[in-house]
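Beneath this line is the structure, given in structure tokens, with notes to follow.
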Protein chains: 2
Amino acid sequence: MAGQVQRQTGVALWRQIADRIRQAISAGAYDETGMVPPETVLALQFGVNRHTVRSAIAALAQEGIVRAVQGRGTLIERKERLNFPITKRTRFTSGIGEQAREMRALLLSHSEEKADADVARGLKIRPGEPVVRMETVRKADGRPVSCATAWFPAARFGGMPDVYKRTESITKAFAELGLSDYVRSTTEITAVHADEADTAALELAPGAILLITKAVNTDLEGVPVQYAISRFAADRVQFTIEN
Amino acid sequence: MAGQVQRQTGVALWRQIADRIRQAISAGAYDETGMVPPETVLALQFGVNRHTVRSAIAALAQEGIVRAVQGRGTLIERKERLNFPITKRTRFTSGIGEQAREMRALLLSHSEEKADADVARGLKIRPGEPVVRMETVRKADGRPVSCATAWFPAARFGGMPDVYKRTESITKAFAELGLSDYVRSTTEITAVHADEADTAALELAPGAILLITKAVNTDLEGVPVQYAISRFAADRVQFTIEN
DNA sequence: TATAGTTGTCTATATCAATAGACATTTAAA
DNA sequence: TTTAAATGTCTATTGATATAGACAACTATA
């Protein structure tokens, strides 16, 4: 864990240190002992006061990642990072596969609206044409992984919200609505700081990072069937692109 | 630009606001006027004091993104975000294409070392086998875009650093060393906060976000020829995966 | 049962971050 | 040439962040 922390950046030292420790845990740096190094050691390592390290550890404990035990040390409670393969056949649920015991997809809200310029471009329709919009959250083992906004052409998939709420799967919902197969056409990936709404929806540590994907799925004729903007908790996932 | 700003998160309000304004500029939110809204308007929008907005704008001015002019307003100076297609034929230089006038690739340092477990797995060699390691920075129009650590099997590409320094291109260097073509095998993408070294190398605003790719390139027989970890300034790039 | 090593708590102090208000300075337009 | 609208500068105050040191409390082990 090389590299010191930075001062006067607008990001508090305890948060930088919390981020670094979370990263190190997820990378398996402390697997031998199953414990985070002692506070005094970390303080020396990062070049800060022990109290600052304690603030960082308190934040990680709040997230449920570590548990400090007086007299013993700070135990690692959880260290998962889910992997999402992004391919022509990208599917959320089966993509996670055996990485979690239970996957759930919740429909937060839905509405019918007119496509704005962005959505129209994605779905290759004219701006103003009717689309169905769904806000969803997906969880792995009860832990929120991503929230997404998805748009479908209303003419073809008007029933999507009802079916999705029941099946909790885009793939199954498409199947019931007469689309037996679909493929991922494009995926754009960016990263930003989470805003308040996403922090709440994803149960994130405030100030966390989001990985954002904008994706288009098409039927086998290449006609767009879904445009989606998904926001992933960056410290819980990684993407893999296999070519 | 919905969503309020969060307090007591370890991320200063002025930094959150700076990030949000930078994002909005890059998304073209202020293209009509070419200016950021007045400080008083932003303060109301974000629910903070005008002085806090001023700190955010000062940070953006420091980055060269905006320029405040007394009596007129705050002018947008720059709003680019480079797009990197990630495909079987991902190449850095040609991928940027016409998005920048000038691309440069600088070799910071290089060394010959023994492959650790991570590198060995990527290159499908045994840990301990000799590899050439290169640290590079890539710039578009003089602006740093990414820094990367790349490893090559020493037996086959021992001369890589010299050739790369001269050609400033992995593709050209491979060609000179007898490899006329190669393909991208896998790409992993994650996001973290930048550490001090990367902040310096990429001339980043402190506390900025990095997009990290771990990629393996192979020759046409599928034998790995390069394993690379690249760190991109998240507010200057986006990735596109076309399937 | 000591003892070393660890986390927990307390007090105190200095600096950064944010708010609040007042007023100066500059620009562009009426 | 006013005037409105915008940024620039100053003072003052409050709360969050970080450092410093001392000591208490707990755990595992020699």
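Only a predicted model underlies this, so the values are computations on that prediction, with no experimental measurement involved. In what follows, every heavy atom counts, from backbone to side chain, and hydrogens, waters and symmetry copies are set aside. Residue numbers start from 1 in every chain, and the chains themselves are labelled A, B, ... in the order their sequence lines are given, proteins ahead of strands.
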In whole Å, what is the span from the [atom1] atom of [X] to the [atom2] atom of [N]?
X	N	atom1	atom2	result
B:Ile57	D:dT9	CD1	P	14 Å
B:Leu75	D:dA6	CG	C1'	12 Å
B:Met35	D:dT7	CE	C1'	10 Å
A:Leu42	C:dG5	CG	P	17 Å
B:Arg67	D:dG8	CZ	C1'	16 Å
B:Phe46	C:dT19	CZ	P	13 Å
B:Leu60	D:dT7	CG	P	13 Å
B:Gln16	D:dA16	CD	C1'	14 Å

Treating primed atoms plus P, OP1 and OP2 as sugar-phosphate and everything else as base, which nucleotides of nucleotides 22-30 of chain D get B, S or - for protein heavy atoms under 4.0 Å?
---BBBS--
[X] side, atom [atom1]; [Y] side, atom [atom2] - distance, nearest 0.5 Å:
X	Y	atom1	atom2	answer
A:Leu202	A:Arg236	CG	CZ	6.5 Å
A:Ile86	B:Thr187	CD1	OG1	10.0 Å
B:Ser230	B:Arg138	OG	CZ	4.5 Å
B:Asn49	B:Ser55	CG	OG	9.5 Å

I want to check something: taking the side chain as every heavy atom from C-beta on, are [X] and [Y] in contact at a cut-off of under 4.5 Å?
X	Y	result
B:Trp14	B:Ile57	no
A:Ile212	A:Ile189	no
A:Thr149	A:Arg133	yes

What nucleic acid atoms does B:Thr74 come within less than 4.0 Å of, heavy atoms only: base, sugar-phosphate, or nothing?
sugar-phosphate
Please state whether the phosphate of [N], meaning OP1 or OP2, lies under 4.0 angstrom from any side-chain nitrogen or oxygen of [X].
X	N	answer
B:Thr52	C:dT19	yes
A:Arg54	C:dG8	yes
B:Ser55	C:dA17	no

Residue A:Ala12, side-chain atoms from C-beta onward, closest of D:dT17, C:dA18, D:dT7:
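Ranking D:dT17, C:dA18, D:dT7 by closest atom to the A:Ala12 side chain puts D:dT17 first.
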Testing C:dT6, C:dA18, D:dG8 for proximity to the side chain of B:Glu39, the answer is D:dG8
Tell me whether the centres of the aromatic rings in B:Tyr227 and B:Phe152 are closer together than 6.0 Å.
no
Heavy-atom closest pair (B:Ala18 atom, B:Leu60 atom, distance to 0.1 Å) is O-CD2, 3.6 Å
Global bending angle along the helix from C:dT1-D:dA30 to C:dA30-D:dT1, which compares the axes of five pairs at either end, to 10 degrees:
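Inter-axis angle at the ends, rounded: 20°.
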